[in-house]
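The block underneath contains the structure these notes are about, expressed in C-alpha cells.
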Amino acid sequence: MREKELPEIVRADEWAPLVIRTDYTDDDAWREVVAALERAVEGERAWEAAVHLVEDRRWDGVTGDEALAAAARDEELSVVFLADEVTMRSPLRPLLALDLGADDDEDLDPVYYQELIDSPPPREVRVAPGAVHMVHGNLQLANVDFPEFVEDAAADPDGVVRELVTVPGDPGDGVTGNGYAGGPLR
C-alpha cells in the first residue's frame, strides 16, 4: 500500500459520475476522454453532462484497490471510474469502472452464504466514455447490478460496456421491458 494518504474527494452532485485520472502519460488521450464524457449526453434531450473529474497528480499510479479505499469514504457513491494506463493506450479509451458495493457482503454469515463468500461478484469492468453516464445512473438508481454490466462487457469483442444505441421500434427502444434506462447495449 501507499505510504501517503490520498486526498479526500468531495462531490457536489451525487448524480455526476466520479472519474479519477490515474495515468499522466498522455495529455491528448485525457482530453479525448473528457471530450467524450461531455458529448455522452448530447442528442434527443438537452442536458448538461455533469462529471466530477479528479485531475490531481497525487492520484498518479494509484491502483484500483487504492482508489476503492479512498472512494469508499463517500457513502453515496456506487461506482468510481479510473482513467488509467489502459484508458490512455487504447483507441477506445475505456475507463475502469470499480464497484464500491462489492464489499457489502463481508459480514455475511458463512452458514447461509458460503457460495457467495467463495465466489464474490466481479468488481471491475471497462466502460467506454460514452456509456459512463448510463452505467453510473443505473447503478445509482439500483436499476442494474454491477455484474450485469460485466456480462455485457464479456459479450463485447473488446470486453467493454458500450454506449446505448436505440433503433425506433426495437424491443429495446426505451419503451418496452428493457432493464436498462434508455435501451439495450450494442
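All values derive from a computational prediction rather than experimental measurement.
The cluster map of Ile, Leu, Val, Met, Phe, Trp and Tyr, joined by side-chain heavy atoms under 4.5 Å apart, puts M134 and V34 in the same cluster. A continuous path of hydrophobic side-chain contacts links L6 to L98 [ILVMFWY only; heavy atoms under 4.5 Å]. Following chains of ILVMFWY side-chain contacts shorter than 4.5 Å, one can reach V33 starting from L53, so the two form part of one hydrophobic cluster. Transitive grouping of hydrophobic side chains (ILVMFWY, heavy atoms separated by less than 4.5 Å) brings L68 and I9 into a common cluster.
For W59 against A70, the heavy-atom pair with the smallest separation is CH2-CB, 3.6 Å. The two residues L77 and L100 have their closest heavy-atom pair at O-CB, 3.8 Å. Listed here is the closest heavy atom pair of A131 and V161: CB-O, 3.9 Å. Closest heavy-atom contact between D145 and L139: C-CD2, 4.0 Å. Closest approach of P17 and F81 over heavy atoms only: CB-CE1, 4.1 Å.
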Does R21 form a side-chain contact (heavy atoms from CB on, under 4.5 Å) with M88? I'd like the steps, not just the answer.
CA-CA 10 Å; R21 183 178 182 185; M88 302 305 173; 3.9 Å; yes
V51 and V132: CA distance, side-chain angles, deciding distance, side-chain contact (heavy atoms from CB on, under 4.5 Å) verdict:
CA-CA 9 Å; V51 179; V132 164; 6.0 Å; no
Do F149 and V127 pass the side-chain contact (heavy atoms from CB on, under 4.5 Å) test, and can you show the C-alpha distance, the side-chain angles, and the key distance before you say yes or no?
CA-CA 9 Å; F149 289 116; V127 178; over 6 Å; no
Take V144 and V135, measure what side-chain contact (heavy atoms from CB on, under 4.5 Å) needs, and give me the verdict at the end.
CA-CA 8 Å; V144 180; V135 169; over 6 Å; no
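Under the 3.5 Å distance criterion, with hydrogens and angles disregarded, no donor-acceptor pair is assigned to the side chains of T63 and D65. A side-chain donor-acceptor contact under 3.5 Å links E55 and W30.
Here the CD-CD distance, from E76 to E14, works out to 5.0 Å after rounding to the nearest 0.5 Å. Going from atom NE2 of H133 over to atom CD of E38 covers 8.5 Å, rounded to the nearest 0.5 Å. Once rounded to the nearest 0.5 Å, the distance linking OG of S90 with CD of E85 reads 12.0 Å. Atoms CG and NE2, on L18 and H136 in that order, are 8.0 Å from each other to the nearest 0.5 Å. Atom CZ in F146 sits 12.0 Å away from atom CD in E151 (nearest 0.5 Å). Atom CD of E66 and atom CD of E5 lie 12.0 Å apart (nearest 0.5 Å).
With contacts defined as side-chain heavy-atom distances shorter than 4.5 Å, the pair T87/D23 does not qualify. Contact annotation: the side chain of R126 approaches that of V86 to within less than 4.5 Å [non-hydrogen atoms, C-beta and beyond].
Counting only distance, with no hydrogens or angles, the side chain of E32 and the backbone of R93 share no donor-acceptor pair below 3.5 Å.
The side chain to side chain contact (heavy atoms under 4.5 Å, CB included) search around A16 returns D13, A50, not counting sequence neighbours. Residues meeting the side chain to side chain contact (heavy atoms under 4.5 Å, CB included) test with T22, sequence neighbours left out: I20, V62, L82, D84.
Residues V160 make up the rest of the hydrophobic cluster containing L92, defined by ILVMFWY side-chain heavy atoms closer than 4.5 Å, directly or through other members.
With E124 as the partner, the side chain to side chain contact (heavy atoms under 4.5 Å, CB included) test is satisfied by one option alone out of L96, D99, V79: L96.
Residue R73 places its CZ atom among more than 12 non-hydrogen atoms of other residues, nucleotides or ligands, all under 6.0 Å distant.
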